[in-house]
Amino acid sequence: MIKAVNIHKSFGELEVLKGVDLTVAKGEIVSIVGPSGAGKTTLLQILGTLDKPNAGEVLVNGVDFSKLNEKELAAFRNRHIGFIFQFHQLLPEFTALENVMIPALIARKDNKKTTQKAKELLAYLQLSDRMEHKPSELSGGEKQRVAVARALINDPSLILADEPSGSLDSKNKDELHKLLFELRDKFGLTVVIVTHDKELAALSDRVIEMKDGLVLLTAI
């Protein structure tokens with residue numbers, strides 16, 4: 001599913017990734033852990049085509065990112081990768097339903113079918129009565145579930161989550177953790193999570209530890 005070979009990334013003179021190798025199998029849930037500054041989020045952004053390595057190779061579903069131009073990368077990202085961020089990144093002027101629909105509309109999918117699918121996803125995530133509410137009218141847990149629905153709208157094969165429960169209280173954190181595994185089973189997703197949460201990491205199929213821009217170990 002994911003193969004990253006000898007990934008290097010620098011920002012000016014700061015070397016953030018120093019030759020990272022990573023493989024993730026289809027259907028796996030993998031947590032990447034390590035101290036702040038280890039390079040976890042930078043690696044996740046490179047896996048999601050949001051940034052490019054200075055050296056190395058990244059393949060997702062057999063597609064070599066280095067062979068794609070910017071337009072092709074954007075299209076691949078939109079169609080095949082769903083993102084869940086710590087602070088949800090919902091657009092405040094749009095309703096929950098509209099926020100969920102945005103990636104599908106960017107992909108020029110049919111508006112009527114997209115609306116129906118977004119409603120179904122929100123219903124599955126127990127947000128049927130919150131569809132017309134804007135982010136400012138939603139709780140933290142509700143906003144993050146809207147973000148999850150948005151990540152799923154284009155039927156991605158890969159979900160990348162950056163501290164997905166970092167801004168949630170204990171109850172919503174536990175619910176989100178369970179939800180990620182339910183979604184993996186229901187939709188056949190591969191999930192890569194950057195997290196400081198030891199409980200979430202312990203639930204994963206595999207834990208990858210990073211420090212100082214390198215992978216230290218992989219644990220089952």
Side-chain angles (χ1 to χ4, degrees), residues 1-5 7 17 20-36 38-50 58-63 65 76-77 79-89 100 103 121 124-126 141 143-211 214-220:
M1 177 59 176
I2 298 175
K3 183 179 181 181
V5 181
I7 300 300
L17 298 177
V20 171
D21 295 323
L22 175 73
T23 58
V24 180
K26 179 176 172 56
E28 212 177 5
I29 293 185
V30 172
S31 286
I32 302 175
V33 303
S36 297
K40 305 183 301 297
T41 293
T42 299
L43 177 60
L44 199 74
Q45 290 173 337
I46 288 172
L47 296 179
T49 79
L50 296 173
V58 180
L59 292 91
V60 172
N61 276 342
V63 176
F65 289 170
F76 183 90
R77 180 169 61 243
R79 293 169 187 161
H80 300 286
I81 304 175
F83 295 90
I84 304 172
F85 303 99
Q86 179 175 356
F87 295 107
H88 57 76
Q89 304 293 351
V100 173
L121 283 170
Y124 176 76
L125 295 171
Q126 300 180 348
K143 283 186 277 197
Q144 198 61 306
R145 278 183 281 151
V146 171
V148 169
R150 179 184 59 190
L152 295 171
I153 191 68
N154 279 343
D155 297 315
S157 54
L158 173 63
I159 294 290
L160 300 178
D162 191 1
E163 298 287 0
S165 58
S167 63
L168 301 178
D169 60 29
S170 296
K171 179 178 181 295
N172 283 306
K173 183 181 294 188
D174 290 342
E175 289 179 356
L176 180 64
H177 293 174
K178 292 176 184 175
L179 176 62
L180 289 172
F181 288 85
E182 288 175 11
L183 294 173
R184 185 267 302 271
D185 296 338
K186 181 176 176 64
F187 297 105
L189 299 169
T190 302
V191 184
V192 179
I193 307 165
V194 163
T195 185
H196 284 98
D197 192 294
K198 293 181 180 179
E199 292 179 7
L200 175 56
L203 293 171
S204 304
D205 298 322
R206 191 156 50 98
V207 178
I208 296 171
E209 185 177 355
M210 292 185 67
K211 184 178 181 181
L214 293 166
V215 169
L216 295 183
L217 58 87
T218 299
I220 302 296

Please check if the number of heavy atoms outside Arg184 that lie under 6.0 Å from its CZ is greater than 12.
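Check passes, neighbour count above 12.
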Mind listing the closest non-hydrogen atom pair of [X] and [Y] along with its distance?
X	Y	value
Ile7	Leu17	O-CB, 3.7 Å
Pro156	Leu189	O-CD2, 3.1 Å
Ile193	Pro164	CG2-CD, 3.7 Å
Val24	Met1	O-CB, 3.2 Å
Leu158	Val192	CD1-CG2, 4.3 Å

Can you confirm whether [X] sits close enough to [Y] that some side-chain heavy atom of one is under 4.5 Å from a side-chain heavy atom of the other?
X	Y	answer
Lys40	Asp162	no
Lys143	Val146	no
Leu125	Leu179	yes
Leu216	Met210	no
Leu47	Val60	no
Arg77	Leu50	yes
Asp205	Val30	no
Ile46	Phe65	no

State whether Phe181 and Lys186 meet the cation-pi test: NZ (Lys) or CZ (Arg) under 6.0 Å from the six-membered ring centroid, and within 45° of the perpendicular axis.
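The answer is no, since Lys186 fails at least one limit relative to Phe181.
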Hey, what do you get for [atom1] ([X]) to [atom2] ([Y]), rounding to the nearest 0.5 Å?
X	Y	atom1	atom2	result
Phe83	Leu44	CZ	CG	7.5 Å
Leu183	Leu176	CG	CG	9.0 Å
Ile2	Thr23	CD1	OG1	9.5 Å
Glu28	Ser204	CD	OG	9.5 Å
Ile32	Glu209	CD1	CD	12.0 Å
Asn154	Ile81	CG	CD1	11.5 Å

Take the angle between the ring planes of His80 and Phe76 and call it parallel below 30°, perpendicular above 60°, tilted in between.
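Ring orientation of His80 relative to Phe76: tilted.
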Closer than 4.0 angstrom, basic N to acidic O: yes or no for Glu175 and Lys171?
yes
Quick one: do Leu22 and Ile208 satisfy side chain to side chain contact (heavy atoms under 4.5 Å, CB included)? Show the steps, please.
CA-CA 9 Å; Leu22 175 73; Ile208 296 171; 2.9 Å; yes
Would you say the side-chain atoms of Thr190 pair up with the backbone N or O of Gly27, donor to acceptor, closer than 3.5 Å?
yes
Does Asp197 reach the main-chain N or O of Glu199 with its side chain, forming a donor-acceptor pair under 3.5 Å?
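Judged by distance alone, yes, a pair lies under 3.5 Å.
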Audit row: Phe85, Gln144, side chain to side chain contact (heavy atoms under 4.5 Å, CB included) steps and yes/no:
CA-CA 8 Å; Phe85 303 99; Gln144 198 61 306; over 6 Å; no
Do His196 and Glu163 get their side chains close enough for a donor-acceptor pair, meaning under 3.5 Å?
yes
